[in-house]
Amino acid sequence: MAKKQHTSGSFATAVRGVVQHIPRGRVMSYAAVAAAAHFPGAARAVGTLMRQNFNPTVPCHRVIRADGRLGQYNRGTEQKRQRLEREGVQIKNGRVLGTV
DNA sequence: TAGCTGACGCAAA
DNA sequence: ATTTGCGCCAGCT
C-alpha cells in the first residue's frame, strides 16, 4: 500500500493544493494561501515552502504579499511581474490589483 | 534536540 | 504615504 511520502508534513501538501487551485489571472497572498490550507498565520512558512518548492505544477508565481506587492521569487521579481501581467493580472506601480 | 533562517504580516513612529 | 521593528510558523542544519 503506497505509504505516504514523508516530504515535509501535511502542511506542504495542503499549501501545494491551494496554490495549484489558483486560477489564471488571479493571485493569492501568502496569508490567504496559508489560511486556505488550514494553517492560519503560517504565511512565512508558505514562503519558506515556495522557496524550497520546485514543482512546475505549483504556480508559486501567483502567490503575492498581502500588501499587494509581488514579494520575492526564485527567478526574480521581474520575471514574476512579467508572468503575472501576462496571466492577466493588472499591476500598477509595483502593486497587484484585483486583490478582492 | 535545539537554534537559526526566511519568497510574510501587522502595528507603531 | 513610507519606513522600522517585532511576532508567528514551518523547515533546515
Side-chain angles (χ1 to χ4, degrees):
Chain A
M1 327 271 280
K3 292 188 213 68
K4 75 179 279 290
Q5 26 178 231
H6 56 89
T7 338
S8 305
S10 40
F11 171 73
T13 309
V15 173
R16 278 196 231 169
V18 174
V19 178
Q20 234 169 129
H21 283 112
I22 299 178
R24 173 184 159 296
R26 188 59 174 276
V27 291
M28 278 181 101
S29 59
Y30 295 90
V33 174
H38 201 263
F39 280 86
R44 273 190 128 144
V46 173
T48 305
L49 218 89
M50 298 285 106
R51 190 195 209 267
Q52 197 212 346
N53 184 316
F54 260 80
N55 281 47
T57 58
V58 181
C60 35
H61 65 265
R62 285 187 195 159
V63 186
I64 59 164
R65 286 185 56 147
D67 306 90
R69 288 213 186 262
L70 304 180
Q72 285 299 74
Y73 190 56
N74 257 324
R75 299 277 279 136
T77 54
E78 290 178 52
Q79 288 292 313
K80 191 172 182 179
R81 181 181 72 90
Q82 289 288 302
R83 199 157 302 220
L84 285 172
E85 284 194 289
R86 193 158 74 89
E87 292 274 315
V89 179
Q90 296 180 24
I91 303 178
K92 191 51 99 181
N93 202 351
R95 249 67 114 249
V96 179
L97 305 178
T99 49
V100 203

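What you see below is based on every heavy atom in this structure, not just the backbone, and it leaves out hydrogens, waters and symmetry mates. In the text below, chain A, chain B and the rest are named by the order of the sequence lines, each starting its count at 1.
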Is there a donor N/O on one and an acceptor N/O on the other, under 3.5 Å, for the side chain of A/Tyr30 and the base of B/dA7?
yes
Rounding to an integer number of Å, can you tell me how far A/Phe39 CZ sits from C/dA10 P?
6 Å
List every contact pair, protein side and nucleotides 4-7 of chain C side both N or O, where the distance is under 3.5 Å.
from	atom 1	to	atom 2	distance (Å)
C/dG7	O6	A/Arg44	NH1	2.5
C/dG7	O6	A/Arg44	NH2	3.4
C/dG7	N1	A/Arg44	NH1	2.7

Can you list every pair that meets salt bridge (Lys or Arg N to Asp or Glu O under 4.0 Å) and has a residue in residues 29-41 of chain A, with sequence neighbours left out?
none
Answer yes or no: side-chain N or O of A/Thr48 and base N or O of C/dG11 forming a donor-acceptor pair under 3.5 Å.
no
Write down the distance between CZ (A/Phe54) and P (B/dA7), rounded to a whole number of angstrom.
13 Å
If you define the side chain from C-beta out and look only at heavy atoms, does anything of A/Val27 sit under 4.5 Å from A/Leu84?
yes
Partner residues of A/Phe39 under the ring pair (Phe, Tyr, Trp, His ring centres under 6.0 Å) criterion, sequence neighbours left out
A/Phe11
Could you state the CE-P distance from A/Met28 to B/dG9, rounded to the nearest angstrom?
12 Å
Are A/Arg65 and B/dA7 close enough that a side-chain N or O sits under 4.0 Å from OP1 or OP2?
no
Grab the CZ-P distance between A/Arg51 and B/dA7 for me, whole Å please.
5 Å
Got A/Val19 and A/Met28 here, is their nearest side-chain heavy-atom distance under 4.5 Å?
no
Enumerate the side chain to side chain donor-acceptor pair (under 3.5 Å) contacts for residues 88-97 of chain A, please, sequence neighbours excluded, ordered by first and then second residue.
none
Can you name the side chain to side chain donor-acceptor pair (under 3.5 Å) partners of A/Asp67, sequence neighbours left out?
A/Arg65
Of the candidate nucleotides C/dA10, B/dG9, C/dG11, which contains the atom at the shortest distance from the side chain of A/Gln52?
C/dG11
Identify the pairs formed between an N or O of the protein and an N or O of nucleotides 1-3 of chain B at a distance under 3.5 Å, and give each distance.
none

For A/Asn74, answer base if it contacts any base atom (sugar-phosphate contacts may also be present), sugar-phosphate if it contacts only those atoms, and nothing otherwise; contact means non-hydrogen atoms under 4.0 Å.
base
Give every residue pair that meets the salt bridge (Lys or Arg N to Asp or Glu O under 4.0 Å) criterion with at least one member in residues 27-36 of chain A, sequence neighbours excluded.
none
Whole-Å distance between B/dG9 C1' and A/Ile64 CD1?
13 Å
Under the rule for side chain to side chain donor-acceptor pair (under 3.5 Å), what residues qualify as partners of A/Gln20, not counting sequence neighbours?
none
A/Val96 side chain near A/Arg69 side chain, heavy-atom distance below 4.5 Å
no
Looking only at the side chain of A/Phe11 (C-beta and beyond, no hydrogens), which of the listed nucleotides B/dA7, B/dC10, C/dA10 gets closest?
C/dA10
For A/Glu85, side chain to side chain donor-acceptor pair (under 3.5 Å) partners two or more places apart
A/Arg81
Round to a whole Å and report the spacing from CE of A/Met50 to P of C/dA10.
14 Å
May I ask you to say what A/Ala43 touches in the nucleic acid, namely base, sugar-phosphate or nothing, with a heavy-atom cut-off under 4.0 Å?
sugar-phosphate
Would you mind reading off the distance between A/Gln72 atom CD and B/dG9 atom P, rounded to a whole angstrom?
12 Å
Whole Å only: how far is the CZ atom of A/Arg75 from the P atom of B/dA7?
17 Å
